[in-house]
Peer 1: 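Sharing a structure here in structure tokens format.
A, B, ... follow the sequence lines: proteins, then strands. Residue 1 opens every chain.
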Amino acid sequence: MTTNVPVIDSHAAAPQAGRKNFLNCSQGFWSWAGTLDHKRIGIMYLVGVSIALLAGGLFALLVRLHLWKPEGVLFGNVEYNQIFTLHGAFMVFLFVIPAIPGSLGNIVLPLMLGAKDVALPRLNLLSFYLWVTGAVLATLAIVLGGFDTGWTFYAPYSLYTDQAVVTIGLAVFVLGFSSIFTGLNFIVTTHKLRAPGMTWFRMPLFVWAIYATSILQVLATPVLGITVLLVAFERLYHIGIFDPRLGGDPVLFEHFFWFYSHPAVYIMVLPAFGIISELVSVHSRKPLFGYKLIAFSSLAIAIISFLVWGHHMFTSGQSTYAMFAFSFLTFFVAIPTAIKEFSWVATVWKGSIALNSPMLYTLAFLVIFAIGGLTGVILGALNVDIHLHDTYFVVAHFHYVMMGSIALAFFAGLHHWWPKIFGVIYDETLAKIACGIIFVGFNATFIPQFIMGSRGMPRRYATYVPEYEPFHQASTVGAMVLGGGVALMVFYLVASLFQRKTAMQNQWGGVTLDWLSPTPPPLENFDEPPTVTTEVYDYSTLDYKTMQTPVA
Amino acid sequence: MFHLPIQDPASATQTPAPPPVVDAYGQLTKRASTFGHVDDLFYFTYAVCIFFFVLIVAVLLFSVVKYRRRTWDQPAASNTTHNTPLEVVWTVIPLIIVMIMFAWGYMGARDMTIAPIEASRNTIKATAKQWNWTFSYPNDPAQSYNEVWVEVGRPVQFLLESTDVLHAFYLPSMRVKRDVIPGRYQTVWFEPTEVGEYHLFCAEYCGKDHSQMYAKVHVVSAAEYGARPWDKWDDSTPEAAAKSGASLYSQICASCHSVNGSAGVGPTWKGLFVKNADGSIVGRQREVIEGGVRKTITIDNDYIVESIRKPDAKKVAEEPYVRNAMTAFPDLDDRKINGLIEYMKSLADSK
Amino acid sequence: MSHDGHHSVVIPAPGPEFVPHTVAHHFDTPVQEFQAAKLGFWLFLATEILLFGGLFAAYFYFHEAYPETFRVGGHQLDWRLGALNTSVLLLSSWTMAMGVRSAQTSQKQKTLLFCGLTVLGAVIFMVIKFFEYQAKNEHGLVVFSELFAPYDAATGSIPWFKDYHGVMAGLPHGHLFFAIYLTMTAIHGLHVVIGAGLILWIMKGAAKGRFHAGYFLPVDLVGLYWHLVDLIWIFLFPLLYLVP
Amino acid sequence: MSAHDHHAPGDLQMGHHHVSSAKLFFNVLMALLVLTVVTVAASRVDFGAANMLIAMGIASVKAALVIAYFMHVKWDTAINKIVFLSSFLFLSLLFIFTLADHATRRWDNDLHTMRTPVDKQWVYRQHEHAGDH
């Protein structure tokens, strides 16, 4: 598609040895900690969110191990409640929300647009440090005795419990602003820093997805900010708007919370959709099927997601009229989502499918997201949701979306852009094995949860009635396998940085601007500012030589 | 073993209800209420999901096998970028299907939300507090704890109230769930169709012992229901009352108050009363704070009744009890409180 | 940081009392830089609107639930002070608009003057606010010294609210109006203070001659922020002082 | 918002900006002060349920003046207008759904209280809950 003549020329010539790129152009702690370069900030995010993922994963394994026996194995009830809260809070606020926009989005989005950097680099660095501040505060909350409210902070329990709720509330507030500033930056970048010729419908779908995500981040997150502040104020000086003893309404808290947290589900999942759109196209070497429909469906999901938050509250005592409206609107989210899944499958059809590790992760995503999305439809029906609400069925459903889909898409994107970012390639055999282990482990963990959930096992239980024991044990075994797979993945990815097995200039044969810049990119991304002259995903322009030219 | 609060004042231990039978399709537990539309819509949606899932996976598998890249520079077999009729079809057909699901689901939920008049006339009140359930029967002084009886084939409504935080009243076998919200009444109704014992879970996270906030639902025949099986309180003699009080203690008091003198969330019950040489049992003196004023009182029946029904009126002037708040039991009836007092007195030591 | 493809754009100063502005390296033109920053700032203002929006939603929710509490509570506030503060903020908004205009037309002294007047407006606003809070403190409606004291579950009374048997006697949850009043005005007041700080920072730059017809972006953005503070007060004033 | 912004002629200004006249700003200020007097005056008269509507209507006019003139939105780019105004749109979603739930809950309650004679049935509900007022 996009032809950047000078760049293509530079590929044709023999690569110069020892070319300066963003990784080796300067050294030292402050060259990273004080950097304004979007790629370095992205890598710092990558390290941060990976640590959060491993911490959250560790909490998850503790939860699963504890539930091996009906009476619980490892902890007392209070400790168990703290551990599952930590798992939720770390995974949601420190990993899933910032993971893809913060790391891959930061690195790839300006490259895809042909920009030198994001529009507001200082704000970008501030976002990262706000994330760090949030992470420190969250850790501080653990040190101060932990918190046991669940990641949802439902009032009035969060107002009464004798734990570090104010500290974690502050952490969430700060993380919220980190997320807002990231989104704000990407919106401005997309509007103002597109390369000449990069029209809206020549933008790669990853950019569209991040753009839609950013709208949600900017418009929804402030309401979470004020909600956690109000919870903190309630605890500090008893406003009384959430506390029923003082005339407040706990259901109002749920409205405020889900006004953010439902769109937040799409803040999490839309970037994953974007990654999958890219990868399906590149690794099938075929233009994405229904490009415009996918682009618009991202925006549609973003808008509709503001109208459906009440479906988290079908049993909460909101009025039947509100339930009617929210359920009706909820089903409309299914349509753009279904369009995306069908379009990806149609893209694979008659493609040239490379079964390399990024594509394997992508295929795993397509299968798992199909389950995650379809079970969401089951939960959208009002009467069925009354039975399934707050059971392990819901737990399994959102793990299929959050963990199975988002984390797998994140892994897929990581494998895809790893050679682009670092100029090195990981052990492909190990990668395929790890992908298989993760896929099997994941399904083994959560399919039993679907079954016990539909039989009535409530969530957030430290102990349970004995009839659910076989399902919990199967789930625990699956979680161990899943944990092993992720550990293997971390191992070979880190090892590849030391082995330094050189990647190709254009490892997978991509034709978007991110693959037409030098690998790894120089400080301002392109040797010459690119100009776009062709349509997006036009594989007839692919220069096969670049797939064979090792990076300098 | 799995720990449950003890349900039956007559026996020291209680097991949860037996595992429910699985229904014919093997996914849900067997339904024991009239809400068949939940199962019907669940399996309809399930079938639709399986259809689409198989379709997606089949196309993916077929493509991966057939169109696998055999040489590294192999181009795609087709470069189609869109197909408008196909895109319209896969937009419209799912739309129609989900609208059917919506209408079906809403009608079902309406049925579950609005109780018929027979159910309203047969209303049991369920009071949720951290972490137990209290059930009050219409025009009946006796209450039951963590155990409730309903009549088979007769619609019943539960009026739900919470005295502290959010809870949820969840009966998987009946397919009903409703959050219990402090400061406000909620209702839920169903018509049990099968005699048996069923689980009642708290499904909204409510703190420490959320997972142990369990109650057993007995669906019994009309004859059995008429015998008021929930009224098992034996206070025919002071000893019997103390014994009943002891088992009630283990259900709703033991998590905070010890009887052996050890410190807990609340003060121990050991030594509230002392036995004089002549065998008479009298209350001790105790330092309390009432309305911010520190005073010394003698423990007596009135003090204990007040401490149970309005625990914050007089707070024990001692750390940490002066800070800790006790859940109030305003609905606990006089016979039950007498049983508890008899039990406290039975703990009295000789001077 | 320089690079072979890199060219720095410099906007010259319109006169000797001004300094030129160098466009950030990743922008091609000054227009691009200006528009990017401005779009970013508008997005930020949108988040501020939604942040306050949560508070307004809570206000309407409880106004609906306890109308009498809000009616009587509103009468405890002095509408004269509220109206005075509204006028002060409107005037300061005008001086800020004039300040931005002076920067756009390269009038350094006028920029400094109008920004200074705006800060003065902020100070007057906060002083009036202080007296208002003090009155609430004296009447036992919001007792600041006991704001963070623990809640007394036994009596169900809130330590900072002493008026259960005064003007608010018999009304459901009489503290609620004052809690919402305090929260909304305090968060708004915080914005006033931040805004005043930003304007002082602008005045420092203006004194050095950084802002002129070629480059007045920071003045423009801080101006927008100040108008937003005014905007929120325009709604707070009738809701708290008049309507109840 | 077009991709061709970069091709703006290489002038060394920040592009073309509308500089409003001082007279316009002064007139807007006067209008705002007059409206403040009007809203105070209107609040002295009781219009019943319309009180809130009138006050919010006047406040909206004042807000519109500040946004359009002081904040220069009238002369701003389309995207900036969309961004700022969409925040009010999405805010209205929060208001509408939350308040609608609250308002329609009463209809549900009517339905239930009609069918559920709450207080008659439990003879043992003698004591008020602690903390109730």
Peer 1: Sort Ser60(D) into side chain, backbone, both or neither according to what part of it lies under 4.5 angstrom from a heavy atom of chain C.
Peer 2: both
Peer 1: Please flag which part of Ser43(D) lies under 4.5 Å from any non-hydrogen atom of chain C: side chain, backbone, both or neither.
Peer 2: side chain
Peer 1: Which atoms of Phe25(D) come close to chain C, meaning under 4.5 Å heavy atom to heavy atom: side chain ones, backbone ones, both, or neither?
Peer 2: both
Peer 1: What pairs with Trp160(C) under side chain to side chain donor-acceptor pair (under 3.5 Å), at least two apart in sequence or on another chain?
Peer 2: none
Peer 1: Please classify the contact of Val66(D) with chain C as side chain, backbone, both or neither, using a heavy-atom distance under 4.5 Å.
Peer 2: side chain
Peer 1: Could you tell me whether the side chain of Arg101(C) and the main chain of Ser20(D) form a donor-acceptor pair under 3.5 Å?
Peer 2: yes
Peer 1: Can you say whether Leu32(D) sits under 4.5 Å from chain C via the side chain, the backbone, both, or neither, judging by heavy atoms?
Peer 2: both
Peer 1: Using a 4.5 Å heavy-atom cutoff, which residues in residues 218-229 of chain C come close to chain D?
Peer 2: Leu224(C), His227(C), Leu228(C)
Peer 1: Which bit of Thr39(D) comes within less than 4.5 Å of chain C, counting heavy atoms only: side chain, backbone, both or neither?
Peer 2: both
Peer 1: Using heavy-atom distances under 4.5 Å, tell me whether Ser102(C) contacts chain D through its side chain, its backbone, both, or neither.
Peer 2: neither
Peer 1: Does any backbone or side-chain atom of Phe26(D) lie under 4.5 Å from a heavy atom of chain C? Answer side chain, backbone, both or neither.
Peer 2: both
Peer 1: Heavy atoms only, distances under 4.5 angstrom: which of Tyr69(D), Phe90(D), Phe88(D) has the most pairs with chain C? Name it, please.
Peer 2: Phe88(D)
Peer 1: Between Phe41(C) and chain D, which part of the residue has a heavy atom less than 4.5 Å away: side chain, backbone, both or neither?
Peer 2: neither
Peer 1: Can you tell me which of Ala103(D), Ser87(D), Ala42(D) forms the most heavy-atom pairs within a distance under 4.5 Å of chain C?
Peer 2: Ser87(D)
Peer 1: I need the residue from Ile232(C), Leu39(C), Val23(C) with the largest number of non-hydrogen atom pairs under 4.5 Å to chain D.
Peer 2: Leu39(C)
